[in-house]
Peer 1: 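My questions will all concern the structure given below.
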Amino acid sequence: MILIFLIAIWPVLQSFYFSLFDLKLNDPTKSEVHLSYNLNLEHYLNNYPFLIGAIDNEIKNENGAGELQAIKEKLQTLDKKLQSNSEISAKYDSVNDKLMNFKQVYPDVSIAEIDRSLAKEYEKTAKIINNKIKNLSVNVKFSQEKKLTGLAAGYGDALIQPNFIGLQHYKDNLSTSRLWKAIGNTTTFTIISVLVELVLGLAIALLINKAFVGRGVIRASILIPWAIPTAVSALMWKFLYDGQNGIVAKLFEGFGLVDNMEKLLVTDTGAMFSVIFSDVWKTTPYMSLLLLAGLQTIPSSLYEAASIDGAGKLKQFMKITLPLLKSSILVALLFRTLDAFRVFDLVYVLTGGGPANSTETISLLAYKVMFNQTNFGDGSALSVIVFICVAIISMIYIKFLGRDLLNDR
């Protein structure tokens, strides 16, 4: 139970926790989980002194001196309140000295937590000052207008607000067409590939379950596609599907499966067919292996008795093989359905989710959001959605599987 918790449950709980936050690695203010308000002293001290200096310069030039003086006093009053904060005061001088000496300031030194009331006052003051300077710039000609307005606009960026957003990521994702399209693509891929693999796998299992010369070689050769790593297999099929030199694409064109070999990976239907065909080629041996194990548990005496009673091969298959193979089929379907619904590497290498996201699966979508966009909060939410879908599929299968096992008893 401890191993299951550490390997299976804990990562899901952690993903769910991250999904409750607006966590983006490309945004310094959202690169970590923040449950409280914080002040980035490095950003603050790179802004505040220069803003005061710019205001003093305009006051000397008598450009809106009265209103700018009031703004300056408001800034200085707030600065004193910030320095009276115990955590800020402990880091204020240290960060300032490092900036003055052009030394690197690390986040653990420059980030200081502040209470909610002070943070709200800072946020309110930053908005008031920014608006006042903007309005002043309309009527007053400042000597350094761009510098003054830019520093006023950037003053509020030093405040780091809590990035807890609750279930907002789930609400946003479930209301977007891209997620539902990805789920639709995943469902289509799963249903078609698993059904075709079941039929072909059962046929191969019945074949290699018979005694004939060279059966061991045939069994070993059939398992080769399954033994090839998925990424290698996908890259191989990508070359075979190539619209210029791909031999499989040429054969499909010759058999009339596609109008033009170049359309195989550049059309919605062609790309989905290509992905499914590649997956069927690779994982059918796995399905046949599971079913073969079930076939070998059926006593041969049953078939002998059925033959004596005059039952033909088809009747033996329908009355003996399928009923006794039901549990093995359900187990094989469970494993393959879960594996197919979580498909990632095959699609990632073969089509990258294209064209126009026509083969983008939900796992691939989660990867793109989390790693390509570095949006860990939204990506974690998508990962949890994948887990929920897989859990629902598992419960459905296990319900039927459990019922079947109870009936067998």
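Everything numeric in this text was worked out from a predicted model, so none of it was measured.
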Peer 1: Applying side chain to side chain donor-acceptor pair (under 3.5 Å) as the test, list every pair that has at least one member in residues 156-172; sequence neighbours left out.
Peer 2: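 Qualifying pairs, neighbours excluded: Ser19-Tyr170, Glu123-Gln161, Gln168-Asp172.
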Peer 1: Going by side chain to side chain donor-acceptor pair (under 3.5 Å), name the pairs with one or both residues in residues 109-119, residues two or more places apart or in two chains.
Peer 2: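 Every side chain to side chain donor-acceptor pair (under 3.5 Å) pair that includes a residue of residues 109-119, provided the two are not neighbours, is Ser36-Glu113, Asp115-Ser117.
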Peer 1: Between Phe18 and Phe376, is the ring centroid distance below 6.0 Å?
Peer 2: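 No, ring centres 6.0 Å or more apart.
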Peer 1: Hey, mind stepping through Ser278 and Leu350 against side chain to side chain contact (heavy atoms under 4.5 Å, CB included) and telling me if it holds?
Peer 2: CA-CA 9 Å; Ser278 303; Leu350 188 56; 3.7 Å; yes
Peer 1: Checking Tyr348 now: which residues fulfil ring pair (Phe, Tyr, Trp, His ring centres under 6.0 Å) with it, not counting sequence neighbours?
Peer 2: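 If we apply the ring pair (Phe, Tyr, Trp, His ring centres under 6.0 Å) test to Tyr348, skipping adjacent residues, the hits are Phe344, Tyr367.
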Peer 1: Using the side-chain contact (heavy atoms from CB on, under 4.5 Å) rule, pick out the option among Val386, Val384, Leu382 that qualifies with Ser15.
Peer 2: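 Only one option passes, and that is Val384.
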Peer 1: With sequence neighbours left out, which residue pairs that include part of residues 25-50 fulfil the salt bridge (charged side-chain N to carboxylate O under 4.0 Å, His left out) condition?
Peer 2: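 Every pair satisfying salt bridge (charged side-chain N to carboxylate O under 4.0 Å, His left out) with a residue in residues 25-50: Asp22-Lys30.
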Peer 1: Listing request: all salt bridge (charged side-chain N to carboxylate O under 4.0 Å, His left out) pairs with a residue in residues 332-347, at least two apart in sequence or in separate chains.
Peer 2: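 Checked against salt bridge (charged side-chain N to carboxylate O under 4.0 Å, His left out) - neighbours excluded - the pairs reaching residues 332-347 are Glu197-Arg336, Asp279-Arg336, Arg336-Asp339, Asp339-Arg342.
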Peer 1: Quick one: list whatever passes ring pair (Phe, Tyr, Trp, His ring centres under 6.0 Å) with Phe252, sequence neighbours left out.
Peer 2: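 Scan of Phe252 (ring pair (Phe, Tyr, Trp, His ring centres under 6.0 Å), adjacent residues dropped) gives Phe273, Phe277.
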Peer 1: Taking all atoms of both residues into account, what is the closest heavy-atom pair of Ala112 and Leu41, and its distance?
Peer 2: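 Here Ala112 and Leu41 meet closest at CB-CD1, 4.2 Å.
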Peer 1: Anything under 3.5 Å between a donor and an acceptor, one on a side chain of residues 138-145, the other on a protein residue two or more places apart or in another chain? List them.
Peer 2:
{"residue": "Ser143", "atom": "OG", "partner": "Asn57", "partner atom": "ND2", "Å": "3.4"}
{"residue": "Ser143", "atom": "OG", "partner": "Glu58", "partner atom": "OE1", "Å": "3.4"}
{"residue": "Ser143", "atom": "OG", "partner": "Glu58", "partner atom": "OE2", "Å": "2.9"}
{"residue": "Ser143", "atom": "OG", "partner": "Asn61", "partner atom": "ND2", "Å": "3.4"}
{"residue": "Gln144", "atom": "OE1", "partner": "Asn57", "partner atom": "ND2", "Å": "3.4"}

Peer 1: Tell me, please, which residues at least two apart from Leu292 pass side-chain contact (heavy atoms from CB on, under 4.5 Å).
Peer 2: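 With neighbours one apart ignored, the set is Ala205, Ile208, Asn209, Arg219, Gln296.
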Peer 1: Quick one: do the Thr351 and Thr359 side chains pair a donor with an acceptor below 3.5 Å?
Peer 2: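 Result is yes, a qualifying pair exists.
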Peer 1: Report the relative orientation of the aromatic rings in Tyr155 and Tyr44; use parallel for angles under 30°, tilted for 30 to 60°, perpendicular for over 60°.
Peer 2: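 Correct class here is tilted.
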Peer 1: Which atom pairs, donor and acceptor, lie under 3.5 Å between side-chain atoms of residues 314-323 and protein residues at least two apart or in another chain?
Peer 2:
{"residue": "Gln316", "atom": "NE2", "partner": "Ser307", "partner atom": "OG", "Å": "3.1"}
{"residue": "Gln316", "atom": "NE2", "partner": "Ala311", "partner atom": "O", "Å": "3.1"}
{"residue": "Thr321", "atom": "OG1", "partner": "Tyr303", "partner atom": "OH", "Å": "2.7"}

Peer 1: Is a side-chain donor-acceptor pair under 3.5 Å present for Tyr122 with Lys81?
Peer 2: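 The criterion, which ignores hydrogens and geometry beyond distance, is not satisfied for Tyr122 and Lys81.
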Peer 1: More than 12 foreign heavy atoms under 6.0 Å from CD1 of Ile247: is that the case here?
Peer 2: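 No, not enclosed.
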Peer 1: Output every pair passing salt bridge (charged side-chain N to carboxylate O under 4.0 Å, His left out) with a member in residues 88-97, not counting sequence neighbours, ordered by first then second residue.
Peer 2: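 Found Glu87-Lys91.
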Peer 1: State whether a side-chain donor-acceptor pair under 3.5 Å links Tyr17 with Ser380.
Peer 2: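 Judged by distance alone, the side chains do not pair up.
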Peer 1: Provide the full list of salt bridge (charged side-chain N to carboxylate O under 4.0 Å, His left out) pairs with a residue in residues 286-297, sequence neighbours left out, each pair given once.
Peer 2: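 Every pair satisfying salt bridge (charged side-chain N to carboxylate O under 4.0 Å, His left out) with a residue in residues 286-297: there are none.
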Peer 1: If I compare all heavy atoms of Ala54 with all of Leu148, which pair ends up nearest, and what's the gap?
Peer 2: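 Scanning both residues completely, I find the closest heavy atoms to be CB-CD1, 3.9 Å.
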Peer 1: By side-chain contact (heavy atoms from CB on, under 4.5 Å), which residues pair with Val232, not counting sequence neighbours?
Peer 2: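 Result, side-chain contact (heavy atoms from CB on, under 4.5 Å) vs Val232: Ile228, Pro229.
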Peer 1: Just wondering, more than 12 heavy atoms not from Trp281 lying within 6.0 Å of its CH2?
Peer 2: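 Buried by this count: over 12 neighbours within 6.0 Å.
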Peer 1: List the atom of Pro355, the atom of Asp268, and the distance in Å for their closest heavy-atom pair.
Peer 2: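 Pro355 and Asp268 have their closest heavy atoms at O-OD1, 3.6 Å.
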Peer 1: Does a sphere of radius 6.0 Å around CG in Asn101 hold more than 12 heavy atoms from other residues, nucleotides or ligands, not counting ones at 6.0 Å or beyond?
Peer 2: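 Yes, the 6.0 Å shell around CG holds more than 12 heavy atoms from other groups.
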